[in-house]
Amino acid sequence: MSYTVTLIPGDGIGPEVVAAAVRVLTATGLDFEWETQIAGASAIGEHGTALPPHVLESVRRNKVAFKGPTETPVGTGHRSVNVELRKTLDLYANLRPVQTMPGVKSRYTDVDLVIVRENTEDLYSGLEHVVVPGVVESIKIITEKASTRIAKYAFAYARSHGRKRITAVHKANIMKLSDGLFLDCCRAVAKDYPEVTYDEMIVDNTCMQLVLDPTRFDMLLLENLYGDIVSDLCAGFIGGLGLAPGANIGDEAALFEAVHGSAPDIAGKNLANPMALILSAAMMLDHLGEQQAADRVRNAVHAVLKEGQKLTRDLGGTAGTTEIAEAIATKV
Ligand code: ATP
């Protein structure tokens, strides 16, 4: 069986970590046909846009994409390629597992969280305008449709993966209408899953409780912005962004990418940790039904971490991106 996958190398450290992950995926022995597409800052020169239409067409056709980070300018410049991809392709569920890795020194042990973040609306709707000079309005969109859909995704995931508890994270004490609607939808869906404990927590308190003891939580269900922030917070529990994988899932397509950004500070230096993207590749293999290969990839990452001989700088080592890829590939 051959899989045709859209491959987006991205910006910054993107091409380096993507090459590393492709090396490991090749080592599984599965047959991949990579349809390489340029998106992000690197696409602007040639195509005049960060997300050329043929990139979207490629993902629509192949239904699976594997992506390195793309740069998003702060304050000005082009809109986020990630947000555009997620919205245009309706990749509504952002799945981000956060698990303690063997051998990695971090503040906590036994962290095993699954973050489910709504990916298409909230303050990421891109609806911002200047009302009068000095006054700006940013519109937060929360709909019953998207909130119900993400809640159903989270509860179905809990059921199929034996998860016991879902905590919906909100600020409905302040945003009574928008976050209130999100909670109403979560509560309604929760009724259909009596075996999963459902509770709710205000986002600021959630951050404090997470930092005190992340092992108290099982699954977190969040709107887009809270999900973005809390994901990075949680990545810190297990050794940082170099180890945090992710998936963006829709009904028609799925896109796999790490939580981290393009890390311009270390780009082109063979310093980036490719493990987050390699673990995202394992999630892609899960999605393709290649469970055995997915487990082999994860076990190979764990083995390299446990040995502790080959680690990138973020984990206290001196190995380069390519060395890590090779070490993992030989263990797959
Ligand atoms: P962007 O705007 O694309 O999100 P950013 O620099 O704001 O980029 P990240 O790219 O996520 O945010 O980087 C945050 C910090 O984490 C940086 O110091 C970066 O070097 C580090 N970092 C991110 N990813 C990795 C990685 N894979 N390996 C090592 N360090 C990483």
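Atom set for the values below is all heavy atoms of this structure, side chains included, hydrogens, waters and symmetry mates excluded. In listed order, ligands and their atoms are each counted from 1.
Residue-ligand proximity, A272 to ligand 1, at heavy-atom distances under 4.0 Å covers atoms 28 (N). Each of the atoms 6 (O) of ligand 1 lies under 4.0 Å from some heavy atom of P264.
The shortest distance between side-chain heavy atoms of L220 and L210 falls below 4.5 Å.
The proximity of I13 to ligand 1, defined as any non-hydrogen pair under 4.0 Å, is limited to the side chain.
By the ring-ring contact (aromatic ring centres under 6.0 Å, His included) test, H129 is found to be paired with no residue, residues two or more places apart in sequence or in another chain being considered.
Each of S58, P52, P53 was checked for a side chain to side chain contact (heavy atoms under 4.5 Å, CB included) with V55, and the lone residue meeting it is P52.
Protein heavy atom in closest approach to atom 27 (N) of ligand 1: N273 O, 3.0 Å. The closest protein non-hydrogen atom to atom 4 (O) of ligand 1 is G261 CA, 3.5 Å. Remark: minimum distance from atom 16 (O) of ligand 1 to any protein heavy atom is reached at L241 CD1, 3.8 Å. Protein heavy atom at the shortest distance from atom 2 (O) of ligand 1 is T72 O, 4.1 Å. Among all non-hydrogen protein atoms, the one lying nearest atom 8 (O) of ligand 1 is S262 N, 3.6 Å. The protein non-hydrogen atom at the shortest distance from atom 21 (C) of ligand 1 is A263 CB, 4.5 Å. In terms of protein heavy atoms, atom 17 (C) of ligand 1 is closest to D265 OD2, 3.5 Å.
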Side chains of residues 23-33: which donor-acceptor partners sit under 3.5 Å, not counting sequence neighbours?
unit_1 : atom_1 : unit_2 : atom_2 : d
R23    : NE     : E326   : OE1    : 3.0
R23    : NE     : E326   : OE2    : 3.3
R23    : NH2    : E326   : OE2    : 2.8
T26    : OG1    : V22    : O      : 2.7
T28    : OG1    : L25    : O      : 2.5
T28    : OG1    : L30    : N      : 3.2

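Note that CD of E223 and CG of D122 are 5.0 Å apart. Values are rounded to the nearest 0.5 Å.
Per-atom contact check: atom 29 (C) of ligand 1 touches the protein, criterion being a heavy-atom distance below 4.0 Å. Note that atom 6 (O) of ligand 1 has protein non-hydrogen atoms nearby, at separations under 4.0 angstrom.
Atom 24 (N) of ligand 1 has its nearest heavy-atom neighbour, among M275, H260, K269, in H260.
Aromatic rings of F256 and H287 (six-membered ring for Trp) have centroids within the 6.0 Å cut-off, being under it.
If you check the side chains of N224 and E118, you find no donor sitting under 3.5 Å from an acceptor.
Under a 4.0 angstrom heavy-atom cut-off, A276 registers as lying outside contact with ligand 1. Remark: distances from the non-hydrogen atoms of I266 to ligand 1 include one below 4.0 Å. No heavy atom of P69 sits closer than 4.0 Å to any atom of ligand 1.
Heavy-atom contacts from other residues, nucleotides or ligands closer than 6.0 Å to NZ of K140 number more than 12.
With a 6.0 Å cutoff to the six-membered ring centre and a 45° limit on the axis angle, R165 counts as a cation-pi contact of F217.
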Subject >> M101/M275 under side chain to side chain contact (heavy atoms under 4.5 Å, CB included): CA gap, chis, key distance, verdict >> reply: CA-CA 11 Å; M101 297 283 162; M275 287 176 170; over 6 Å; no
